[in-house]
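Below: one structure, written as C-alpha cells.
No hydrogens, no waters, no symmetry mates; every other heavy atom, side chains included, goes into these values. The structure displayed is predicted, hence computed values, not measured ones. Numbered from 1 within each chain, the chains take letters A, B, ... in sequence-line order.
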Amino acid sequence: MSDAELATPFRQRAGGAIKDTFLQEALTIATTKFIGLRRDAFASFPEGEALRDQARAIKEATLQELDRHLETLIGNVERLGGHVHYAATHAEARSIIVDIARRTGARMAVKSKSMATEEIHLNEALEAAGITPVETDLGEYIIQLAHERPSHIIAPAIHKTKGQVAELFSRELKRHAPPDPEALTRIARGELREKFLQADLGITGANFAVADTGTVVLVTNEGNGRMVTSLPRVHVAVMGVEKVVPSFTDLMVFLAILAKSATGQKLSVYTSMVQGPRRGGELEGPEEFHLVLLDGGRIAQIGGPLREALSCLRCGACLNVCPVYRQIGGHAYGYTYPGPIGILLTAMLEGTPAVKDLAHASSLCGACVEACPVRIDIPRMLIDLRREVDEKRIAPWPERVAFKLLATLLQRPRLYRFAARAGRALQRPFAREGRISRLPLFFGEWTRTRDLPPVASRTFQECWASEKDLAT
Amino acid sequence: MTTRAEFLGRIREQVRRSPRRFQADSARRPPHPAAEAETIRRELHERWPETLEAFRREFEGVAGVFHRVASIDMVPGVVSRIAHEREARELVSWHSTALGADLAPALGARGLAVHQMPAEEPHSVAERERLRAIAARADLGLTGVDLAIAETGTLVLVSGAGRPRSTSLLPPCHIAVFDRTALVDSLRQVGVFLEAWHGDGRPPAAGGAVNFITGPSRTADIELTLTRGVHGPKEVHAIFVEQPIRG
Amino acid sequence: MTARRASLMVTCLGDLFFPEVGIAIVRLLRRLGVAVDVPADQTCCGLPLFNSGYHADAAAVARRTVALFKDADHVVVPSGSCAWMVKHEYPGLLADTALAREAGELAARTHELSQFLVRVLGVTEFTSAVSGRVTYHDSCHLLRGLHESQSPRTLLSRLKGAELVPLPGADECCGFGGSFAVRLPEVSAQILAKKLANVESTGAGCLVACDAGCLMQMAGGLTRKKSRVRALHLAELLDGGP
C-alpha cells in the first residue's frame with residue numbers, strides 16, 4: 001500500500017504541517033516563548049501551586065451543583081434586566097443569536113475573541129442572515145481576512161508570519177505597510193476603530209460568569225473586549241455552561257493563575273467585569289444584554305468520562321508544551337479546538353468517532369497535565385477515548401487483530417518465546433551490523449526514519465536460563 | 001427552542017446521577033465583606049508607603065508611567081506636561097465629583113481643551129452620541145482610581161454616572177489620579193471589595209462595569225512580537241497624590 | 001536499609017532487544033549483596049495494550065504479572081513506563097477482581113531501577129563503564145508518572161569516571177509514545193530529531209535513559225544519522241566494576 005492510502009486524513013494533514021517551513025518556524029518560536037513566559041511567571045509565584053489545587057477544586061465543586069449555580073446566575077442576570085437563552089445545540093445557538101441580531105436591526109456586529117462563537121460557526125450564520133461580523137481581536141481579525149480558522153486557543157494567527165500578514169492587509173484592505181508588527185497593528189487599529197463606534201451589536205464569549213451577581217468576566221489584552229461591551233446598543237455573550245463560578249471570591253483564584261498560564265502575565269491588560277444592561281446613570285453600556293448558555297455536548301459529560309475536561313480555562317498552556325502540537329500546529333487537528341485539550345473537547349462536542357485518529361495524536365508524555373492550571377488529566381482521558389474506540393469497534397480491523405494477537409502472545413509464554421524465535425529468523429535478511437534499517441510493510445513506518453535493534457540472539461530470559469552468562 | 005426548564009432539567013439530571021470525582025468546596029466567601037474591607041483599609045492605612053512602592057514597581061513593570069505629587073493642585077501641571085510632550089490638547093475627564101476635585105479650570109488655564117463628562121445620564125440619543133464623539137476624538141483621558149492593586153500594578157475603575165467607561169478606553173493616553181485610599185496589596189483583597197460592593201457594602205459607583213486595567217493595551221498576535229496600543233490606550237499614567245484627595 | 005532479595009521484571013523490550021541491560025542489573029545488584037531472581041515465563045506488563053485502549057486484555061496480562069511476582073520482596077524494573085504501569089494502573093485495572101489486594105501490594109513493592117538503588121538501597125556510588133561526558137534524558141513516565149527526576153541524576157553525578165552534563169530540554173518527550181511512533185511516524189521522527197539535536201549540542205559521547213522505549217527511539221535515530229553518541233541504559237553505565 002502506498003503512503004497516501006495508509007495515511008489517515010489527520011496523518012496527511014500532520015505531514016503537510018511538518019513540511020510547511022513557515023509554520024514550523026512560527027511554531028517553534030511561539031511555543032518556546034510561551035513555555036518560557038509561563039515557567040518564569042510561576043517560578044516567581046510560590047502560592048501558585050496551592051491556587052492551582054484550589055482552582056481545580058472550585059471547578060469540581062461547581063460541577064457538583066451546576067444546576068443550582070446556573071439558576072442563581074440566571075436569576076441575577078434577569079434581575080438586572082438581561083435576557084438568558086438556552087442553546088442545546090450549535091444550530092440553536094446560531095439561531096438564537098441571528099434572531100437577536102435581526103430583531104435589533106443590526107447590520108454589523110463587532111466580535112471580541114470567543115472560542116465559543118468559533119465552535120458554533122457563528123460568523124457564517126450571521127453572514128447568511130445579512131449581518132456582517134467583524135472580528136476585532138487582532139489575531140481573529142487576521143484569520144477572518146484570510147478565511148482561516150484559529151490555530152491556537154489564545155493566539156489564533158500564530159501560524160502566520162508578519163510578511164504574510166502584510167501581504168494579507170495589502171490584498172484585502174488595500175492598506176500597505178512593511179512587514180512590521182507595529183505598523184500592521186496600527187492599520188488594524190485604524191480599520192477597527194470606526195467599526196466599534198458604529199456597530200449596533202457586540203458579541204463576546206465569557207471567560208467566567210459570577211453566579212452571585214450575574215457578572216460576565218472577559219480577560220483580554222487589546223481593549224476590544226471593553227469596546228464591544230460598552231459601545232454597541234446590544235451585547236450578546238455566548239458561554240459554555242461550565243464557565244459559571246459561584247462568587248467573586250472564587251473568581252479571584254482563577255484570575256490569579258489564568259494569565260500566568262496563558263502568557264506569563266500576572267493579569268491580562270483588561271479584566272472586564274460587566275453586568276448588563278447599563279445602569280446607574282451611565283453614559284455607555286448596552287441597552288440590551290443577552291446571555292446565551294451553550295450546551296453543545298457539555299451537559300452530557302457532567303456524568304461522563306470527559307467531565308474533568310469541563311474544568312478547562314482555555315488558556316492554551318497545554319498546546320504550548322505538547323510535543324505533537326509543537327510539530328503540527330492547530331489546523332492539522334481539523335477542528336475548532338486543537339492541542340491536547342482540543343482532542344477531548346472535540347470528542348465532547350462531536351462524539352468519540354470524530355477522534356478515532358486524534359485520540360492517538362499523543363505520546364502520552366504528560367507535559368499537558370503539568371502545565372494545566374487546573375491539572376486536567378488529559379492523558380488519562382485520551383486512554384479512555386482509545387478504550388472507547390476499541391470497545392465500540394471503531395478502530396480499523398487490522399489494528400484490532402494485531403492487538404488481539406499481541407494480547408495472546410503476552411499471555412502465553414510459549415507463544416511469546418516462539419514469536420521471539422520467529423522474529424529472529426525473519427529478521428535475518430534485514431539485520432546488518434547489529435541493526436535493522438529497513439523493514440517491509442507496516443514495520444517500515446519505524447524504519448523509514450530510525451534504525452531498530454534486532455531481536456537479540458539470546459533473549460535475557462534465555463540467558464538467565466543458562467546461568468553461565470551472568471557470572472559476576 | 002429549548003426552554004429553561006428543559007435545559008436546567010437536563011443538567012440537574014446529570015448532576016444527580018454523576019459521581020463526585022472528589023470532595024471539593026468552592027472558595028469561602030467572607031461572611032461580612034463590607035466589614036472585612038474596612039479592616040483591610042485600616043490595616044493598609046498604616047503601611048501605605050510600602051504598598052505604594054510595590055504598586056509602582058509592578059505598574060512600571062507593565063509599562064505604566066508613574067508620577068508622584070504632593071497635592072491635588074499639582075496634578076494639572078503633570079497632566080499638561082504629558083499633553084505638551086505629545087502635542088495633545090483635547091482632554092476628556094471624569095466629572096469632578098468622581099475625581100474628587102475640580103481640575104478643569106486649572107487644566108484649561110494650561111492650554112488644554114477640557115471636556116468633563118456630565119454627572120447625570122444624557123437625556124437624548126443625540127447628546128449621548130455627542131459625548132461619545134468627544135471621547136473618541138480626545139487625546140487624553142483623565143480618571144480617578146477606585147483600587148490600585150500592588151500585587152499586579154492594576155488600576156480598578158468602576159463605571160457610573162460621571163465616570164464613563166470610555167474615558168479610560170478611547171483616548172490613546174490614559175491618566176489616572178489616585179491617593180493612598182485606593183491602595184490594596186493583593187487580588188485576594190480585591191475579592192473582598194468586590195464582594196462588599198455587590199453585597200453588604202456600597203460600590204464607588206452604580207454602573208455596570210468594573211474594569212481592571214494593567215498597563216497599556218497590547219497584543220502579541222503577530223509572531224508573538226509585543227506591540228502596545230492596539231484598541232485601548234497606548235499609554236497609561238498613574239499620578240499618586242500624597243495628600244488624600246478628598247481630605 | 002539493605003534489601004537482601006530482589007526480583008527482576010525484565011520487561012518485554014528489555015528481554016527481546018536489550019538483554020545486556022538485564023545482565024548488567026543482575027551483576028550490579030549481586031555486587032551490592034542483593035540476591036536476584038527472575039520469575040520464569042515473564043512476558044510484558046501490558047502497557048502497550050493499556051495505552052491503546054485494550055483494557056480487558058491489559059487486565060488479563062496484569063493478572064498474570066501479579067501472580068508471577070506474588071512472592072517477590074522487591075520488584076526491580078529497568079523501565080520507568082513499566083514500573084509506572086504496575087504501580088499506578090494495576091490497582092485500578094484489577095480493582096474489582098480477586099487480585100485487587102495483591103495488585104496493590106505489588107504496586108507498593110515495585111521500583112524502577114534508579115529508585116531502587118537510591119531510595120531503597122541507599123547506594124549512590126558506582127564506577128562508570130564508559131568514560132567521558134554523559135547526558136541524561138528524563139523519560140516521561142519516570143519523570144511525570146513516578147515523579148522521579150532526582151535519583152538518576154544523583155547516580156550519574158556521582159559516577160566515578162564520567163562527567164554528567166545537562167541536556168537542554170531533558171524533560172521533553174523523545175517521541176516514542178509506544179504505538180504513537182508508528183501511527184504518526186512523521187511527527188514522532190521530528191520530535192526525535194529535535195531531541196537528538198539537543199543531545200548532540202551537549203558534546204556528550206553517551207546518552208543515558210531509564211526506559212527501553214526511549215532508548216529504542218533515540219538509539220535508532222542516533223545510529224541512523226551515524227552519530228558518535230551512544231545511547232545506553234543507566235544500568236549499563238553503572239556496571240563499570242566494583
Using non-hydrogen atoms and a 4.5 Å limit, figure out which bit of B/Pro33 sits close to chain A: side chain, backbone, both or neither. neither

Proximity breakdown for B/Leu157 and chain A, heavy-atom pairs closer than 4.5 Å: neither

Chain A: which of B/Gly208, B/Pro233, B/Gly232, B/Pro164 shares the most heavy-atom pairs with it under 4.5 Å? B/Gly208

Which atoms of A/Thr263 come close to chain B, meaning under 4.5 Å heavy atom to heavy atom: side chain ones, backbone ones, both, or neither? neither

Checking A/Ser230 against A/Glu284 for the side chain to side chain donor-acceptor pair (under 3.5 Å) test, could you report, in this order, the C-alpha distance in whole Å, the side-chain angles of both residues, the deciding distance, and whether it holds? CA-CA 6 Å; A/Ser230 308; A/Glu284 289 125 1; 5.8 Å; no

Could you go through the side-chain contact (heavy atoms from CB on, under 4.5 Å) check for B/Leu187 and A/Leu267 one step at a time? CA-CA 10 Å; B/Leu187 286 175; A/Leu267 282 182; 3.9 Å; yes

Region of A/Lys162 that comes under 4.5 Å of a non-hydrogen atom in chain B: both

Under 4.5 Å from a heavy atom of chain A, the part of B/Ser186 involved: neither

For B/Thr154, which atoms come within 4.5 Å of any heavy atom of chain A: side chain, backbone, both, or neither? side chain

By a 4.5 Å heavy-atom criterion (distance strictly below it), what part of A/Leu192 contacts chain B: side chain, backbone, both, or neither? side chain

Please confirm whether the backbone N or O of B/Val158 pairs with a side-chain atom of B/Asp146, one donor and one acceptor, at under 3.5 Å? yes

Among A/Pro286, A/Gly190, A/Ala300, A/Ser95, which residue has the highest count of heavy-atom pairs closer than 4.5 Å to chain B? A/Ala300

Under a 4.5 Å cutoff for heavy-atom pairs, which residue among A/Asp212, A/Leu251, A/Leu63, A/Asp295 has the most contacts with chain B? A/Asp212

Carboxylate-amine/guanidinium proximity below 4.0 Å for B/Arg4 and A/Glu71: no

Minimal heavy-atom distance between A/Pro277 and A/Gly82, with the atoms involved, is CD-N, 3.7 Å

Using heavy-atom distances under 4.5 Å, tell me whether B/Met1 contacts chain A through its side chain, its backbone, both, or neither. both

Honestly, is A/Lys59 close enough over A/Phe254, meaning NZ or CZ under 6.0 Å from the six-membered ring centre and within 45° of the axis? yes

So for A/Gln164, is it side chain, backbone, both, or neither that comes closer than 4.5 Å to the heavy atoms of chain B? neither

Which of the residues A/Ser247, A/Ala57, A/Gly285, A/Gly281 is involved in the greatest number of heavy-atom pairs with chain B at under 4.5 angstrom? A/Gly281

At a 4.5 Å cut-off on heavy atoms, which part of A/Ile154 comes close to chain B: side chain, backbone, both, or neither? backbone

